[in-house]
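Source: prediction; values computed, not measured. One is the number of the first residue; the rest follow in order along the sequence.
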Amino acid sequence: MICIATFYSHFGAIRFRQDCRNRGVPARAMPVPRDLSSSCGTCVRFEGGCPAAVPEEVEQIVEVTDGGYRPLYRARG
């Protein structure tokens, strides 16, 4: 499963990418796709689904599907 996480800040995106890599999860930072909104413009594409503990910097996590995106997590507020 390929997922994309968007963030409130660039720092949050870079930290999330590093956390994924530390856990052995392939991840890369990239510009947010046009179909998704983001506060900072940087997202992380990673494998494996929604993490058990979602950091507070995460705005949303979606699964990449053939037809677009399926929401997995959205921050409240």
- [ ] Identify the heavy atoms of G12 and S9 that sit nearest to each other, and give their distance.
- [x] N-OG, 3.0 Å
Task: Minimum-distance pair of heavy atoms, taken over all atoms of I4 and Y69 - done: CD1-CE2, 3.9 Å
Open item on the list: To the closest 0.5 Å, what do you measure between CZ (R45) and CZ (R17)?
Closed with: 15.5 Å
Task: Atom pair SG/CZ of C43 and F7 - distance to nearest 0.5 Å - done: 8.0 Å
Open item on the list: Does any part of the side chain of M1, heavy atoms only, come nearer than 4.5 Å to the side chain of L72, both counted from C-beta?
Closed with: yes
- [ ] Would you give the length of the straight line joining atom OH of Y73 to atom CD of Q60, rounded to the nearest 0.5 angstrom?
- [x] 10.5 Å
TODO: Look at the side-chain heavy atoms of Ile, Leu, Val, Met, Phe, Trp and Tyr, link any pair under 4.5 Å apart, and say whether I14 and Y8 land in one connected group.
DONE: no
Task: ILVMFWY network linking I2 to V32, side-chain heavy atoms under 4.5 angstrom - done: yes
Open item on the list: Please give me the minimum heavy-atom distance between P71 and V62, naming the atom from each residue.
Closed with: CA-CG1, 4.0 Å
Open item on the list: I want to check something: taking the side chain as every heavy atom from C-beta on, are F16 and T42 in contact at a cut-off of under 4.5 Å?
Closed with: no
